[in-house]
Amino acid sequence: MSDTFITVIAIMLTAVLMLVLPVMTMADRVDTVSKTDIETKTSDFVNEIRTTGKLTSEKYSKFIEEITSTGNTYDVEMEFKILDENPGKKSTQTAKDKIGENVYYSVFTSQISEALNSDSAVYNLKEGDIITVTVKNTNLTLSQSLKNFFYTISGNDTYTIVASSGGLVLTTGNQVK
């Protein structure tokens with residue numbers, strides 16, 4: 001009886017090793033490829049905004065379409081830190097180019113989306129503004145599901161696919177009418 005029990009355990013362990021581990025490995029590789037793809041697309045999107053100085057609704061829609069082509073759903077968070085050209089005079093020697101004198105105010109995703117949905121459909125930036133774009137997956141990937149089943153280590157705030165990119169705007173965007 002004990003030999004039969006050990007044989008059954010050995011068969012189950014072999015099945016797990018031969019079937020489940022390769023599936024977990026492939027699922028991890030799919031997530032890794034998706035993460036690399038999202039990082040590249042996010043970096044390209046940010047660099048395009050930095051070099052042109054503007055974000056159009058077409059660029060944003062194209063970016064969303066490209067990242068969802070991986071088969072996952074994503075939450076895109078944008079923050080534009082706008083250089084305030086009139087920070088107020090604190091002294092008689094105030095200059096915009098001095099270190100420590102620049103004042104920024106932040107514009108977030110909801111405000112940017114409102115501007116893109118307006119009549120102009122363009123959000124213009126100026127040289128010296130700072131942009132940051134963060135992309136996180138919102139769906140549960142196969143790799144996360146398998147890890148939850150076997151390890152129970154993934155939580156609600158654990159993202160498998162995360163990409164962030166940012167930089168300084170190099171050119172002032174002109175609105176074309």
Side-chain angles (χ1 to χ4, degrees), residues 28-141 143-144 154-177:
D28 281 341
R29 286 186 183 170
V30 167
D31 283 355
T32 302
V33 168
S34 293
K35 182 176 181 174
T36 304
D37 192 31
I38 295 302
E39 287 173 348
T40 302
K41 289 179 187 331
T42 303
S43 179
D44 291 346
F45 177 67
V46 167
N47 286 335
E48 187 175 353
I49 296 170
R50 288 179 55 233
T51 55
T52 60
K54 61 185 171 182
L55 172 62
T56 63
S57 60
E58 292 85 26
K59 282 183 195 176
Y60 183 69
S61 297
K62 181 182 173 193
F63 174 65
I64 297 297
E65 184 180 311
E66 286 177 351
I67 64 173
T68 55
S69 69
T70 61
N72 296 309
T73 56
Y74 297 95
D75 179 31
V76 178
E77 297 174 5
M78 294 185 288
E79 180 182 5
F80 293 170
K81 292 183 180 180
I82 309 299
L83 181 63
D84 191 0
E85 292 182 355
N86 188 15
K89 289 192 170 188
K90 296 182 182 121
S91 67
T92 58
Q93 296 180 342
T94 302
K96 180 180 164 183
D97 297 333
K98 282 190 175 181
I99 297 175
E101 302 261 344
N102 294 337
V103 177
Y104 289 91
Y105 64 92
S106 293
V107 179
F108 296 98
T109 307
S110 60
Q111 298 160 316
I112 297 166
S113 295
E114 286 177 16
L116 292 177
N117 292 333
S118 68
D119 293 335
S120 65
V122 175
Y123 197 96
N124 288 304
L125 299 163
K126 60 187 173 302
E127 184 177 353
D129 293 347
I130 300 171
I131 62 173
T132 306
V133 177
T134 304
V135 179
K136 299 176 186 174
N137 72 309
T138 57
N139 63 319
L140 197 62
T141 64
S143 175
Q144 286 174 308
S154 293
N156 291 338
D157 294 336
T158 304
Y159 302 101
T160 301
I161 304 168
V162 179
S164 184
S165 184
L168 192 67
V169 176
L170 305 173
T171 305
T172 299
N174 296 323
Q175 188 170 4
V176 179
K177 288 190 177 186

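These numbers were taken from a predicted model, which means no experiment stands behind them.
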Shortest non-hydrogen separation from Thr42 to Ala163 and the atoms involved
OG1-CB, 3.9 Å

If you take all heavy atoms of Ile82 and Lys126, which pair is closest and at what distance?
CG2-NZ, 3.1 Å

Within-4.5 Å side-chain heavy-atom neighbours: [X] and [Y]:
X      : Y      : value
Thr56  : Leu116 : no
Ile112 : Glu114 : no
Val103 : Leu83  : no

Rounded distance (nearest 0.5 Å) linking atom [atom1] of [X] with atom [atom2] of [Y]:
X      : Y      : atom1 : atom2 : answer
Ile161 : Thr141 : CD1   : OG1   : 6.0 Å
Ile38  : Lys136 : CD1   : NZ    : 14.5 Å
Thr160 : Asn139 : OG1   : CG    : 9.0 Å

Would you say the side-chain atoms of [X] pair up with the backbone N or O of [Y], donor to acceptor, closer than 3.5 Å?
X      : Y      : answer
Arg50  : Gly167 : no
Asn47  : Ser43  : yes
Thr109 : Met78  : yes
Ser106 : Lys81  : no

Check the pair Ile131 / Leu125 against side chain to side chain contact (heavy atoms under 4.5 Å, CB included), numbers first and verdict last.
CA-CA 9 Å; Ile131 62 173; Leu125 299 163; 3.8 Å; yes

Pair Thr73, Thr68 - check side chain to side chain contact (heavy atoms under 4.5 Å, CB included), show working.
CA-CA 6 Å; Thr73 56; Thr68 55; 5.9 Å; no

What I want to check is whether the side chains of Lys59 and Thr52 have a donor and an acceptor closer together than 3.5 Å.
yes

Can Asn137 and Asn72 be counted as having a side-chain donor-acceptor contact under 3.5 angstrom?
no

Scan for salt bridge (Lys or Arg N to Asp or Glu O under 4.0 Å) pairs involving residues 38-47, sequence neighbours excluded, and state none if there are none.
Asp37-Lys41

What pairs of residues pass the salt bridge (Lys or Arg N to Asp or Glu O under 4.0 Å) test when at least one of them lies in residues 69-79, not counting sequence neighbours?
none

Listed once per pair and sorted, the ring-ring contact (aromatic ring centres under 6.0 Å, His included) pairs that draw on residues 59-80, sequence neighbours left out:
Phe45-Phe63, Phe80-Tyr123

List the steps, then state whether side chain to side chain contact (heavy atoms under 4.5 Å, CB included) holds for Thr132 with Ser164.
CA-CA 7 Å; Thr132 306; Ser164 184; 4.3 Å; yes

Side chain to side chain contact (heavy atoms under 4.5 Å, CB included), that's the test. Do Ile67 and Val76 meet it? Break it down for me.
CA-CA 10 Å; Ile67 64 173; Val76 178; 3.7 Å; yes

